[in-house]
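All remarks here apply to the structure that follows.
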Amino acid sequence: MPLGFDPSGRLPDVFTSVGTSSFTDFLTAAAPSLLPGRRPLPPGLDADVAPHATTIVAITYAGGVVMAGDRRATMGNLIASRDIEKVHPADAYSLVGIAGTAGVGIELMRLFQVELEHYEKIEGTMLSLDGKANRLATMIRNNLGAAMQGLAVIPLFAGFDLAATDPARAGRIFSFDVAGGCYEETGYDGIGSGSLFAKAALKKRFRPGLTADEAARLAVEALYDAADDDTATGGPDLIRKIYPVVMTASADGTNRLTESETAAIAEAVVAARHETIGG
């Protein structure tokens, strides 16, 4: 029977015993085969058998943080999807974006969302922003076996720190490596194949004290620059009306810019490049 259910329908002991605040730990005991890093994999490298997500950027501003991601997923030299969404709210005050194997990344992101919700329900309080980042680092570490076979996932995590003494510096960004190392970044960061070009653009344009609108515009410009030099990153598609996903996290919670708001920013960026092609 699945998950140890007996014919009477009685729940296994793991469901009725005193639990842990970590949903991942619970799943490890109840059904470890459902964890992304516990799936049996064939020998060899599997990097080209699944779509890969690419560039994500995050930028702090006075009062929060902006995260944006392009919409392209690739599989080798093919475009697997033109409108994948790689940036999502992790909880009420934080955001997570994924680069790497798209299927594993989306699964890990959803598990992280449940992890944070489960902790809040069990403990009656929200994890600190540092605690959330550390939980995500542990989940990435658990996927190391699959990563070594080419199914790596690297997230970018950002949020509004409710414990910050200075609201102007409450927006924080955390990056990770494939082994689960967690690093706090200052001001801005990017992940994915186009991150080299995106961060080069941000390095020239970022300054402390940006407004939310300025940070959103800067994020879309960085993604445009990444798409200009990286084939795996998709730029704004004005024909199909496919634009980057842009989200903010502030004292008011997480918010996704509407399609019309994102379209206005993307069209303004493209129009500006008509005047100055090199940037």
Quick one: do Leu111 and Leu116 end up in the same hydrophobic cluster if we chain Ile, Leu, Val, Met, Phe, Trp and Tyr together by side-chain heavy atoms under 4.5 Å apart? yes

Using the rule that two of Ile, Leu, Val, Met, Phe, Trp, Tyr join whenever any of their side-chain heavy atoms come within less than 4.5 Å, decide whether Ile191 and Val245 are in one cluster. yes

Mind listing the closest non-hydrogen atom pair of Ser195 and Thr55 along with its distance? N-CG2, 4.0 Å

Have Thr258 and Ser260 got a donor and an acceptor in their side chains that come within less than 3.5 Å? yes

Verify the cluster assignment for Ile265 and Leu202: are they in a single hydrophobic cluster under the rule of side-chain heavy atoms below 4.5 Å apart? yes

Salt-bridged, Asp91 to Lys132, with N to O below 4.0 Å? yes

Any link between Leu210 and Val220 through a network of hydrophobic side chains (Ile, Leu, Val, Met, Phe, Trp, Tyr) touching at under 4.5 Å? yes

Residues Glu85 and Arg256 bridged, charged N to O under 4.0 Å: yes

Derivation and outcome, salt bridge (charged side-chain N to carboxylate O under 4.0 Å, His left out), residues Lys241 and Asp83: CA-CA 10 Å; Lys241 299 188 183 300; Asp83 58 358; over 6 Å; no

Exercise: do Asp213 and Tyr61 side chains pair donor with acceptor under 3.5 Å: no

Could you check whether the rings of Phe157 and Phe174 sit parallel, tilted or perpendicular, using 30° and 60° as the cut-offs? tilted

Check whether Thr101 reaches the backbone of His52 with its side chain - one donor and one acceptor, N or O, closer than 3.5 Å. no

So do Val66 and Leu218 actually touch side chain to side chain, heavy atoms under 4.5 Å? no

Which other residues belong to the hydrophobic cluster containing Ile239, where Ile, Leu, Val, Met, Phe, Trp and Tyr are joined when side-chain heavy atoms lie under 4.5 Å apart, directly or via other members? none

What's the shortest heavy-atom distance between Ala170 and Phe160, and which atoms? CB-CE1, 3.2 Å

Asp230 and Ser193: side-chain donor and acceptor closer than 3.5 Å? yes

Can you confirm whether the side chains of Lys86 and Thr54 place a donor and an acceptor under 3.5 Å from each other? yes

Please report the C-alpha distance between Ile98 and Leu108 in whole Å, then the side-chain angles of each, then the deciding distance to 0.1 Å, and finally whether the side-chain contact (heavy atoms from CB on, under 4.5 Å) criterion is met. CA-CA 9 Å; Ile98 56 104; Leu108 187 143; 5.7 Å; no

Quick one: does Pro155's side chain get under 4.5 Å of Ile140's, heavy atoms only? yes

By side-chain contact (heavy atoms from CB on, under 4.5 Å), Ala249 pairs with (sequence neighbours left out) Val65, Leu95, Thr254

Quick check on Glu117: does its CD atom have over 12 non-hydrogen neighbours (other residues, nucleotides or ligands) under 6.0 Å away? no

Transitively linked via ILVMFWY side-chain contacts under 4.5 Å: Ile56 with Phe197? no

Step by step, work out the side-chain hydrogen bond (donor to acceptor under 3.5 Å, both in side chains) result for Tyr183 and Asp189. CA-CA 11 Å; Tyr183 316 96; Asp189 196 34; over 6 Å; no

salt_bridge(Arg205, Glu214) N-O dist < 4.0 Å: no

Identify the heavy atoms of Tyr243 and Ala263 that sit nearest to each other, and give their distance. CE1-CB, 3.4 Å

Pairing of Arg135 and Asp130 as salt bridge, 4.0 angstrom limit: no

In terms of side-chain geometry, is the basic nitrogen of Asp161 or Arg172 positioned less than 4.0 Å from the acidic oxygen of its partner? yes

